[in-house]
Amino acid sequence: MFAYLAGVNVLLAVFNLIPAAPLDGGRVLRAALWSRWGDQVRAAVTAARAGRIFGYVLIALGFAQFLVGLGFQGLWLALIGLFLVNAATAEEQQARLGSALHGVRVGDVMSPHPVVAHPDETVAGLIDRVVMRARLSTYPLVDERGAFAGLVTLNRLREVPADRRAATRLREIACPPGEVPSARPDEALTDLLARMNGAADGRAVVLDAAGHLEGLVTPSDISRAVQTAGLRPAGPYTSHFGADLAAHPHGGRHTPGRAA
């Protein structure tokens with residue numbers, strides 16, 4: 001039994017050292033290419049592509065084994081290959097995204113001064129006051145003290161039946177503050193993206209030191225930051241904001257942006 005386990009571990013070690021990300025061998029390949037080329041992003045992308053090619057090879061071998069009658073073994077090999085393809089693709093995207101957003105701060109890309117609502121406002125009231133008048137998709141909730149109290153999106157509003165909208169408070173359908181990713185304006189955007197991954201509504205709020213709302217980071221904001229990465233001149237990041245633009249909550253004209 002111990003000899004069998006030792007043999008399995010040796011096979012796993014050899015397999016894991018194959019130079020293809022996300023295997024450990026892919027990390028070694030990335031380090032070697034980085035040392036040779038002096039370009040970390042290029043090295044990471046190359047290692048990820050090697051991992052994707054290796055995954056496709058495993059998928060092809062798995063289907064070939066299945067066709068010759070090996071059955072489960074072939075399907076298992078194909079599943080491993082599919083996992084490697086997906087993981088390598090995600091790693092390549094992460095490398096490109098990290099390169100594009102290097103040095104960008106949350107405050108550089110956030111949509112400032114979003115239209116806010118009170119937690120006790122009804123769904124019908126918000127729809128009549130803002131939703132049917134401005135092209136916005138995200139509505140932060142702010143209490144009397146100015147503290148962030150939750151997040152409401154169009155999807156959450158649509159889930160409320162029409163006959164219950166007049167009696168349903170926004171606090172009842174909002175994503176709780178503890179489940180909404182938050183950041184400070186001077187924080188690196190790449191650090192916030194890691195926390196936004198898998199977030200319920202795909203948005204984040206930007207708060208000051210006192211917990212007061214300063215802005216929103218939506219998928220449209222991030223997409224614009226990536227698309228304009230190659231257009232940025234040297235120096236501070238500047239951009240028109242990409243989503244959910246609105247007037248200052250204390251008054252003024254709405255300036256709606258694209259729906260996020």
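- A pairwise comparison of heavy atoms in Leu141 and Pro119 identifies CD1-CA, 4.1 Å as the closest pair.
- Considering CZ of Phe148 and CG of Leu207, their distance stands at 7.0 Å, rounded to 0.5 Å.
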Run the side-chain donor-acceptor check on residues 184-200: report pairs under 3.5 Å with partners two or more places apart or on a different chain.
{"unit_1": "Glu187", "atom_1": "OE1", "unit_2": "Arg195", "atom_2": "NH2", "d": "3.2"}
{"unit_1": "Glu187", "atom_1": "OE2", "unit_2": "Arg195", "atom_2": "NH1", "d": "2.8"}
{"unit_1": "Glu187", "atom_1": "OE2", "unit_2": "Arg195", "atom_2": "NH2", "d": "3.0"}
{"unit_1": "Arg195", "atom_1": "NH2", "unit_2": "Ser182", "atom_2": "O", "d": "2.7"}

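- With a 4.5 Å cut-off on side-chain heavy atoms, Arg171 and Asp120 count as touching.
- Interatomic distance, CE of Met132 versus CD1 of Ile127, reported as 8.0 Å (0.5 Å rounding).
- Glu92 is linked by a salt bridge (charged side-chain N to carboxylate O under 4.0 Å, His left out) to Arg49, Arg52, Arg96, counting only residues two or more places apart in sequence or in another chain.
- In terms of heavy-atom proximity, Gly150 sits nearest to Pro177 at N-CG, 3.7 Å.
- Atoms CZ and CD1, on Arg224 and Ile222 in that order, are 14.0 Å from each other to the nearest 0.5 Å.
- Cluster annotation: Phe66 is not connected to Trp76 through the hydrophobic network of ILVMFWY side chains, with a link wherever side-chain heavy atoms come within less than 4.5 Å.
- Annotation: side chain of Ser137 is in contact with side chain of Leu154 (closest heavy-atom distance under 4.5 Å).
- The shortest distance between side-chain heavy atoms of Leu97 and Val226 falls below 4.5 Å.
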Go through Leu77 and Gln65 one step at a time and tell me if the side-chain contact (heavy atoms from CB on, under 4.5 Å) criterion holds. CA-CA 9 Å; Leu77 194 62; Gln65 290 183 359; 4.0 Å; yes
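- You'll find the side chain of Val217 stays beyond 4.5 Å of the side chain of Ser111, heavy atoms only.
- By the 4.5 Å heavy-atom criterion applied to side chains, Pro114 and Thr138 are not counted as neighbours.
- The closest side-chain heavy-atom distance from Thr168 to Thr122 is not below 4.5 Å.
- A distance-only check finds a donor-acceptor pair linking the side chain of Arg133 to the backbone of Asp128 [under 3.5 Å].
- Residues meeting the salt bridge (charged side-chain N to carboxylate O under 4.0 Å, His left out) test with Arg145, sequence neighbours left out: Asp143.
- The shortest heavy-atom contact between Arg165 and Val160 is NE-O, 3.1 Å.
- With contacts defined as side-chain heavy-atom distances shorter than 4.5 Å, the pair Val130/Tyr139 qualifies.
- Taking every heavy atom of both residues into account, Gly81 and Leu58 meet most closely at CA-CB, 3.8 Å.
- The OG1 atom of Thr89 sits 10.5 Å away from the CG atom of Leu84 when rounded to the nearest 0.5 Å.
- The hydrophobic clustering, which links ILVMFWY residues whose side-chain heavy atoms are closer than 4.5 Å, places Leu75 and Leu61 apart.
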Would you give me the side-chain donor-acceptor pairs under 3.5 Å for residues 5-29, sequence neighbours excluded?
{"unit_1": "Asn9", "atom_1": "ND2", "unit_2": "Leu5", "atom_2": "O", "d": "2.8"}
{"unit_1": "Asn16", "atom_1": "ND2", "unit_2": "Asp24", "atom_2": "OD2", "d": "2.6"}
{"unit_1": "Arg27", "atom_1": "NH1", "unit_2": "Glu91", "atom_2": "OE1", "d": "3.2"}
{"unit_1": "Arg27", "atom_1": "NH1", "unit_2": "Glu91", "atom_2": "OE2", "d": "2.8"}
{"unit_1": "Arg27", "atom_1": "NH2", "unit_2": "Glu91", "atom_2": "OE1", "d": "3.4"}

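- By the 4.5 Å side-chain criterion applied to Ile, Leu, Val, Met, Phe, Trp and Tyr, Val85 is assigned to a cluster that also includes Tyr56, Ile59, Phe63, Leu82.
- Put simply, CD1 on Ile173 and CG on Leu151 are 10.5 Å apart, with the number rounded to the nearest 0.5 Å.
- His113 and Glu214 are not linked by any side-chain donor-acceptor pair at a separation below 3.5 angstrom, with hydrogens and angles left out of the test.
- In terms of heavy atoms, Met110 sits closest to Gly107 at CG-O, 3.9 Å.
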Pairs under 3.5 angstrom only: tabulate donor-acceptor contacts from the side chains of residues 33-48 to other protein residues two or more places apart or in another chain.
{"unit_1": "Asp39", "atom_1": "OD1", "unit_2": "Val41", "atom_2": "N", "d": "3.2"}
{"unit_1": "Asp39", "atom_1": "OD1", "unit_2": "Arg42", "atom_2": "N", "d": "3.1"}
{"unit_1": "Thr46", "atom_1": "OG1", "unit_2": "Arg42", "atom_2": "O", "d": "2.8"}

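- At a cut-off of 3.5 Å, with distance as the only test, no side-chain donor of Thr218 or Arg203 sits close to an acceptor on the other residue.
- Distance check: Leu157 CG to Leu170 CG gives 7.0 Å after rounding to the nearest 0.5 Å.
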